[in-house]
Student: 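My questions all concern the structure below.
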Amino acid sequence: MKVIDVILDGVVNGVKSLYGFETEPGQVTWNLTRKDFEGDYTIVVFPYTKVARKKPEDIGRELGDFLLGEIPAVARFNVVNGFLNLVISDRFWVDFIQEVYADDHFGRQPSNGKKVLVEFCSPNTNKPLHLGHIRNILLGWSSYKILQAAGYEVVRIQIINDRGIAICKSMLAWQKYAGGATPGSTGKKGDHFVGEYYVLFEKQFQEEYKAWQQSEKGIGILADKKKPEQTAEEFFKAYKNQYFNEFSALGAQAKDLLRRWEAGDPDTIALWKQMNGWVYEGFEQTYAALGVAFDKLYYESETYLLGKDMVQKGLDANVFYRKEDGSVWADLEDAGLDKKAILRSDGTSLYVTQDLGTAHQRYLDHGADKMIYVVADEQNYHFQVLFELIKRLGEPYAGGLFHLSYGMVDLTTGKMKSREGTVVDADDLIAEVIADARESSRERERTANLTAEEQEDIIRNIGLSALKFYITKVHPKKRMTFDPKESVDLQGQTGPYIQNAFVRIRSVIRNAPAFPADACREYAELNPEEKDLVNAVYSFPGLILEAAENYDPSTIANFCYSLAKSFHKFYHDHSILNADTEAAKSFRLVLSTVVSKVLKTGMDLLGIDMPEYM
RNA sequence: GGCUCCGUAGCUUAACUGGAUAGAGCACCUGACUACGGAUCAGGAGGUUGCAGGUUCGAAUCCUGCCGGAGUCACCA
């Protein structure tokens with residue numbers, strides 16, 4: 001049982017015996033004591049002024065005396081206004097740190113027997129990954145790590161959007177303009193190679209569209225359909241999709257490819273497989289660079305027809321209804337949503353239909369208690385609808401669905417738009433942060449005696465930690481602004497700052513002669529810097545559970561930074577190896593080791609590795 | 001226009017779910033070890049938490065109304 005729980009029980013007993021007031025531990029307001037005051041835990045006593053009919057200060061003193069008598073771990077207390085600050089005994093902390101020192105799994109919970117699916121990344125196969133995918137991947141990956149540490153069995157899922165008109169555009173452009181070129185023949189990374197043909201298609205299409213706008217037909221349509229308040233430019237921008245579908249030669253050819261794909265035409269399927277294969281090779285390289293992997297891949301080409309039986313089930317249960325034209329709908333207006341189409345009048349599936357089908361399929365495949373979808377917040381409405389539908393269908397997994405919705409990534413120069421070429425490419429970004437780490441590393445020459453290969457590993461490690469920490473430290477829900485300059489910062493509130501704390505500890509330990517860990521039992525009086533560290537370590541397991549419950553890696557990131565900062569200060573203020581007494585030296589070595597373990601575990605939850613040297 | 005989310009120092013952000021003097025980093029200024037790794041530490045300056053009310057012992061946090069921004073409202077995905 002944690003001390004705080006013991007204290008809260010004590011408070012409950014205290015108010016009862018002192019004032020005859022019945023409450024429960026969950027009702028007691030408490031905090032970690034703020035830095036400016038002496039103490040570890042603070043009980044807020046304002047809530048008891050009414051029942052006790054006394055001044056907050058008096059209640060604080062009476063309750064403090066009561067707890068002092070009841071709980072051995074409480075060494076002393078002080079009262080400021082309505083705040084009762086409790087000081088936990090040094091003996092307690094020293095014992096605790098020794099326990100953690102011997103515990104190889106500190107912070108990680110044993111299995112809770114539950115299974116959770118985490119879907120993240122979900123790329124399209126017509127272009128390379130970009131900054132938005134990186135945020136998605138990092139959130140998905142750290143959620144996986146955190147849930148695992150909290151005791152869940154986690155299945156990492158990626159759904160690959162490998163079919164549809166977009167990839168057909170790339171295929172068409174490749175057929176028309178590539179002259180048989182391949183990633184191998186050009187030395188290009190597969191996903192970038194295919195992406196170039198997608199861009200090329202868009203470019204050719206734009207030219208075709210521009211020319212058409214000047215044609216008799218185009219001028220006629222403009223005159224016919226333009227609204228008075230529109231400029232010609234605005235009109236044509238809005239008309240683009242319709243042009244693509246009705247008049248464009250390139251559009252017709254791309255749609256013809258899609259039709260042939262759906263009909264199973266062997267040549268088309270072969271080309272589609274080949275181009276997607278190139279893309280997958282490229283993606284794999286990016287995933288490997290980021291250090292992430294998946295357990296199970298779902299391909300849209302294999303799942304896009306799913307969901308029809310769910311529609312039937314909904315109709316049978318009167319959750320859905322069929323209109324005269326044959327289309328199927330659900331009325332969600334009483335849930336604050338709209339009337340939503342589930343099936344087209346021609347009987348084909350929609351986005352929600354597919355998602356209903358894949359959710360069901362995943363449940364059949366894995367039988368999970370929870371399913372997490374890591375998807376950007378522009379799809380909030382879609383997931384509200386999806387989850388509401390699943391609930392109304394009475395599916396057994398309806399209660400375990402969660403949309404881990406994250407804000408879009410803005411650039412300091414504005415929003416990312418693929419059409420305007422303002423997308424930050426994932427591979428470019430990774431290369432850039434590593435190049436920057438290399439530059440800094442050269443100036444420092446700390447790793448000069450390592451092999452070139454070891455040095456390169458460390459440099460990659462540092463660059464990636466800068467990038468990963470920069471992104472994961474921001475609360476997922478928050479729209480974030482990405483500043484390329486800051487993302488490669490290696491000083492201050494950054495990944496490398498935390499790595500540096502770890503590397504320092506490892507270095508000190510390497511320099512330490514063998515020491516008896518038991519000697520720290522004699523250590524009687526912790527200084528404030530040591531208490532900061534001890535308190536942080538103590539809160540770590542609870543923090544992981546909280547992060548898992550809230551699906552929020554940023555709390556872990558901020559914890560790691562705060563712990564590293566406390567260590568740097570401790571290190572600066574106190575000598576470890578030249579401590580005054582053997583007991584102090586022993587305790588500080590044990591404490592430092594514990595801090596290094598917590599930092600390593602914490603950063604691992606964010607997908608960041610800790611180097612021995614840097 | 002309806003619905004949802006957001007607004008904290010010049011910039012990027014935190015605040016344990018209503019608690020004490022709103023905490024960091026970057027940038028700017030000033031300092032620190034002939035010691036265990038200076039990718040460090042300390043100090044200074046920088047805030048009416050978008051605005052106005054309300055709820056109470058107590059509000060960045062909850063409620064109401066404005067202002068500003070984003071997303072979304074397809075038989076697209």
Side-chain angles (χ1 to χ4, degrees), chain A residues 29-37 42 44 46-47 49-50 56 80-83 85 124 161 163-166 241 300 304 323 325-329 336-338 340-346 348-352 354-355 376-382 384 405 407-408 410 412 415 437 440-441 443-444 446 462 466 470 473-475 477-483 485-487 489-501 503-512 539 542-543 546 550 554-555 558 561-562 565 567-569 571-579 588-589 592 613-614:
Chain A
T29 315
W30 67 278
N31 294 290
L32 293 179
T33 304
R34 292 184 61 115
K35 280 225 158 58
D36 327 308
F37 304 95
T42 296
V44 183
F46 284 111
T49 47
K50 273 185 190 151
V80 182
N81 299 323
F83 300 94
N85 301 320
N124 298 322
N161 301 303
R163 51 145 253 129
I165 194 69
N241 273 341
E300 195 201 349
Y304 79 110
K323 280 193 183 175
D325 63 5
S327 59
V328 175
W329 294 73
L337 302 166
D338 306 291
K340 194 73 195 166
I342 310 293
L343 203 64
R344 289 198 189 88
S345 51
D346 65 4
T348 56
S349 298
L350 288 154
Y351 184 36
V352 266
Q354 283 184 46
D355 268 4
D377 64 5
E378 59 190 353
Q379 295 203 37
N380 283 354
Y381 180 74
H382 169 72
Q384 271 182 39
S405 157
M408 308 291 281
D410 287 319
T412 39
K415 194 183 170 176
S440 299
S441 178
E443 291 164 14
R444 292 174 219 275
R446 292 294 312 199
I462 295 170
Y470 179 78
K473 74 177 179 180
V474 181
H475 192 284
K477 218 170 105 181
K478 215 159 167 157
R479 200 180 173 96
M480 72 173 286
T481 309
F482 186 88
D483 185 337
K485 275 209 300 284
E486 284 182 14
S487 73
D489 268 349
L490 308 174
Q491 285 157 25
Q493 198 175 37
T494 67
Y497 172 95
I498 300 165
Q499 290 181 314
N500 185 234
V503 166
R504 274 181 138 176
I505 295 172
R506 299 299 299 164
S507 175
V508 171
I509 290 171
R510 275 194 300 273
N511 291 330
S539 68
L543 190 81
E546 197 182 306
N550 300 330
S554 72
T555 54
N558 288 311
Y561 170 70
S562 159
K565 190 172 157 68
F567 182 80
H568 279 309
K569 179 161 171 55
Y571 178 90
H572 179 267
D573 291 353
H574 306 282
S575 178
I576 298 169
L577 297 178
N578 294 324
R588 286 175 190 169
L589 279 165
S592 299
Y613 307 88
M614 66 191 286

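Numbers restart at 1 for each chain; the letters A, B, ... are given by sequence-line order, proteins then strands. Because the structure is predicted, anything quoted here is derived from the model rather than measured. Just so it is clear, the values below take in all heavy atoms, side chains as well, and ignore hydrogens, waters and symmetry mates.
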Student: Is A:Arg163 close enough and on-axis enough to A:Tyr304, meaning under 6.0 Å and within 45°, for cation-pi?
Tutor: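 Yes, a cation-pi geometry holds between A:Arg163 and A:Tyr304.
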Student: Run the side chain to side chain donor-acceptor pair (under 3.5 Å) test against A:Ser592 and tell me which residues pass, sequence neighbours left out.
Tutor: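 Scan of A:Ser592 (side chain to side chain donor-acceptor pair (under 3.5 Å), adjacent residues dropped) gives none.
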Student: Kindly label the base of B:U61 as syn or anti, based on whether its glycosidic torsion lies within 90° of 0.
Tutor: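 Base orientation: anti.
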Student: Between B:C75, B:C36, B:U72, which nucleotide gets closest to the side-chain atoms of A:Leu577?
Tutor: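 Output: B:C36.
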Student: Can you tell me, in whole Å, how much space there is between the C1' of B:G25 and that of B:A42?
Tutor: 16 Å
Student: Who pairs with A:Asn161 by side chain to side chain donor-acceptor pair (under 3.5 Å), at least two apart in sequence or on another chain?
Tutor: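 For A:Asn161, the residues satisfying side chain to side chain donor-acceptor pair (under 3.5 Å) (neighbours in sequence not counted) are A:Asn124.
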Student: Does B:C41 have its OP1 or OP2 closer than 4.0 Å to a side-chain nitrogen or oxygen of A:Tyr497?
Tutor: yes
Student: For B:C36 versus B:A60, give the span between their C1' atoms, rounded off to a whole number of Å.
Tutor: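 To the nearest whole Å, 42 Å.
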Student: Under 4.0 angstrom, heavy atoms only, what part of the nucleic acid is A:Leu337 near: base, sugar-phosphate, or nothing?
Tutor: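 Contact class for A:Leu337: none.
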Student: Looking at residues at least two apart in the chain, or sitting in another chain, which of them share a ring-ring contact (aromatic ring centres under 6.0 Å, His included) with A:His572?
Tutor: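 If we apply the ring-ring contact (aromatic ring centres under 6.0 Å, His included) test to A:His572, skipping adjacent residues, there are no hits.
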Student: Carefully, step by step, assess A:Asn380 and A:Ser405 under the rule side chain to side chain donor-acceptor pair (under 3.5 Å).
Tutor: CA-CA 7 Å; A:Asn380 283 354; A:Ser405 157; 2.9 Å; yes
Student: Looking across every strand, which nucleic acid part, if any, lies under 4.0 Å from A:Met614 by heavy atom: base, sugar-phosphate, or nothing?
Tutor: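 Result for A:Met614 = base.
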Student: For A:Leu350, which contact category applies under a 4.0 Å heavy-atom criterion: base, sugar-phosphate, or nothing?
Tutor: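 Result for A:Leu350 = sugar-phosphate.
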Student: So what does A:Lys565 touch, heavy atoms closer than 4.0 Å: a base, only the sugar-phosphate, or nothing?
Tutor: sugar-phosphate
Student: As an exercise, state the distance from CG of A:Leu490 to CG of A:Asn500, rounded to the nearest 0.5 Å.
Tutor: 10.5 Å
Student: Which residues pass the ring-ring contact (aromatic ring centres under 6.0 Å, His included) test with A:His568, not counting sequence neighbours?
Tutor: A:Tyr497
Student: Between A:His574 and A:Thr29, which residue's closest nucleotide on RNA chain B lies nearer the 5′ terminus?
Tutor: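 Its nearest nucleotide being more 5', the pick is A:Thr29.
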Student: Between A:Arg344 and B:C76, is there a contact of a side-chain N or O with OP1 or OP2 at under 4.0 Å?
Tutor: yes
Student: Report which part of the nucleic acid A:Trp329 touches: base, sugar-phosphate, or nothing (heavy-atom distance under 4.0 Å, all strands).
Tutor: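 Answer is base: heavy atoms of A:Trp329 come under 4.0 Å of a base.
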Student: Heavy atoms only, 4.0 Å cut-off, all strands: where does A:Glu300 land among base, sugar-phosphate and nothing?
Tutor: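 Sugar-phosphate contact only - A:Glu300 comes under 4.0 Å of backbone atoms but never of a base.
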Student: So, is A:Arg479 close to the B:A70 phosphate, meaning a side-chain N or O under 4.0 Å from OP1 or OP2?
Tutor: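 No, no such contact exists.
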Student: One pair to check against side chain to side chain donor-acceptor pair (under 3.5 Å): A:Asn31 and A:Thr42. What are the steps and the verdict?
Tutor: CA-CA 5 Å; A:Asn31 294 290; A:Thr42 296; over 6 Å; no
Student: Nearest of B:G71, B:U13, B:A77 to any side-chain atom of A:Thr481?
Tutor: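 That would be B:U13.
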Student: Taking only side-chain N and O atoms of A:Arg504, does any of them lie within less than 4.0 angstrom of OP1 or OP2 on B:G38?
Tutor: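 Yes, because at least one side-chain N or O of A:Arg504 sits under 4.0 Å from OP1 or OP2 of B:G38.
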Student: If I pick the C1' atom on B:A20 and the same atom on B:A15, what distance separates them, to the nearest angstrom?
Tutor: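 It comes out at 13 Å once rounded to the nearest Å.
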Student: Ignoring hydrogens and angles, tell me if any N or O in the side chain of A:Arg446 forms a donor-acceptor pair with the backbone of A:Tyr613 under 3.5 Å.
Tutor: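 Side chain of A:Arg446 to backbone of A:Tyr613, a donor-acceptor pair under 3.5 Å: no, none is there.
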Student: Measure from CG on A:Asn558 to C1' on B:U12 and round the result to the nearest Å.
Tutor: 12 Å
Student: Using the ring of A:Trp329 (Phe, Tyr or Trp, six-membered ring only), decide whether A:Lys323 places NZ or CZ under 6.0 Å from its centre and within 45 degrees of its axis.
Tutor: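 Verdict for A:Trp329: a cation-pi partner in A:Lys323.
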Student: Is A:Lys477 paired with A:Asp377 through a side-chain N to carboxylate O contact shorter than 4.0 Å?
Tutor: no
Student: Do any N or O atoms of the protein come closer than 3.5 Å to N or O atoms of nucleotides 27-31 of chain B, and which pairs are they?
Tutor:
none

Student: Using both pair distances under 3.5 Å as the test, note the stems of at least 3 consecutive Watson-Crick or G-U pairs that include RNA chain B.
Tutor: B:1-7 with B:67-73, B:10-13 with B:23-26, B:28-32 with B:40-44, B:50-54 with B:62-66
Student: So what does A:His475 touch, heavy atoms closer than 4.0 Å: a base, only the sugar-phosphate, or nothing?
Tutor: sugar-phosphate
Student: Considering only atom C1', compute the distance from B:A32 to B:G68 and round it to an integer number of Å.
Tutor: 45 Å
Student: Can you check the distance between B:G23 and B:G44, where both ends of the measurement are the P atom (answer in whole Å)?
Tutor: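 Rounded to whole Å, the distance is 12 Å.
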Student: How far does the C1' atom of B:A22 sit from the matching atom of B:G46, given to the nearest Å?
Tutor: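 Each nucleotide's C1' atom is 14 Å from the other's.
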Student: Hey, do the aromatic rings of A:Phe482 and A:Tyr470 have their centres closer than 6.0 Å?
Tutor: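 Yes, ring centres under 6.0 Å apart.
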Student: Got a sec, which residues hit side chain to side chain donor-acceptor pair (under 3.5 Å) with A:Asn241, two or more places apart in sequence or on another chain?
Tutor: none
Student: If you measure from OG on A:Ser440 to CE on A:Met614, what distance do you get to the nearest 0.5 Å?
Tutor: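 It comes to 9.5 Å.
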Student: Distance check, P atoms only: B:G47 and B:A24, in whole angstrom units.
Tutor: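 Roughly 16 Å separates the two P atoms.
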Student: Measure from the side chain of A:Tyr571, starting at C-beta and using heavy atoms only, and say which of B:A39, B:C36, B:U72 lies closest.
Tutor: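 Between B:A39, B:C36, B:U72, the one nearest the side chain of A:Tyr571 would be B:C36.
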Student: Let me know, please, whether A:Asn124 or A:Lys569 comes out on the 5' side of the other along RNA chain B by nearest nucleotide.
Tutor: A:Lys569
Student: Could you run through nucleotides 3-8 of chain B and give me one letter per nucleotide, 5' to 3': B if any protein heavy atom sits under 4.0 Å from the base, S if only the sugar-phosphate is that close, - if neither?
Tutor: --SS-B
Student: Check whether the side chain of A:Asp338 and the base of B:U72 form a donor-acceptor pair under 3.5 Å.
Tutor: no
Student: Supply the atom-to-atom distance A:Arg510 CZ to A:Ser507 OG, rounded to the nearest 0.5 angstrom.
Tutor: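 Here the interatomic distance stands at 5.0 Å.
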Student: Give each protein N/O atom lying under 3.5 Å from an N/O atom of nucleotides 55-65 of chain B, with the pair distance.
Tutor:
none

Student: Quick one: side chain to side chain donor-acceptor pair (under 3.5 Å) partners of A:Asp325, sequence neighbours excluded?
Tutor: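 Counting only residues at least two positions away or on another chain, A:Asp325 forms a side chain to side chain donor-acceptor pair (under 3.5 Å) with A:Ser327.
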Student: Provide the distance between the two P atoms, one in B:U21 and one in B:C63, to the nearest whole Å.
Tutor: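 After rounding to an integer number of Å, I get 24 Å for this pair.
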Student: Please write out the pairs of protein N or O atoms and N or O atoms of nucleotides 20-23 of chain B separated by less than 3.5 Å, giving the distance to one decimal.
Tutor:
{"residue": "B:A20", "atom": "OP2", "partner": "A:Arg34", "partner atom": "NH1", "Å": "2.9"}
{"residue": "B:A20", "atom": "N6", "partner": "A:Thr42", "partner atom": "OG1", "Å": "2.8"}
{"residue": "B:A20", "atom": "N6", "partner": "A:Asn85", "partner atom": "OD1", "Å": "3.0"}
{"residue": "B:A20", "atom": "N1", "partner": "A:Asn85", "partner atom": "OD1", "Å": "3.3"}

Student: Would you say B:G37 has OP1 or OP2 under 4.0 Å from some side-chain N or O of A:Ser507?
Tutor: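 For B:G37, OP1/OP2 do have a side-chain N/O of A:Ser507 under 4.0 Å.
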Student: The side chain of A:Leu490 is closest to which nucleotide in this list: B:U17, B:G37, B:A39?
Tutor: B:A39
Student: Not counting sequence neighbours, which residues clear side chain to side chain contact (heavy atoms under 4.5 Å, CB included) with A:Asp489? List them please.
Tutor: A:Glu486, A:Thr494
Student: Measuring from atom OG of A:Ser575 to atom CG of A:Asp573, what distance do you get when rounded to the nearest 0.5 angstrom?
Tutor: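 Between A:Ser575 OG and A:Asp573 CG, I get 11.5 Å after rounding to 0.5 Å.
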Student: Measure from CG on A:Asn550 to C1' on B:U17 and round the result to the nearest Å.
Tutor: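 Taking CG of A:Asn550 and C1' of B:U17, I get 9 Å after rounding.
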Student: To the nearest 0.5 Å, tell me how far A:Lys340 NZ sits from A:Leu350 CG.
Tutor: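 A:Lys340 NZ to A:Leu350 CG: 8.0 Å, rounded to 0.5 Å.
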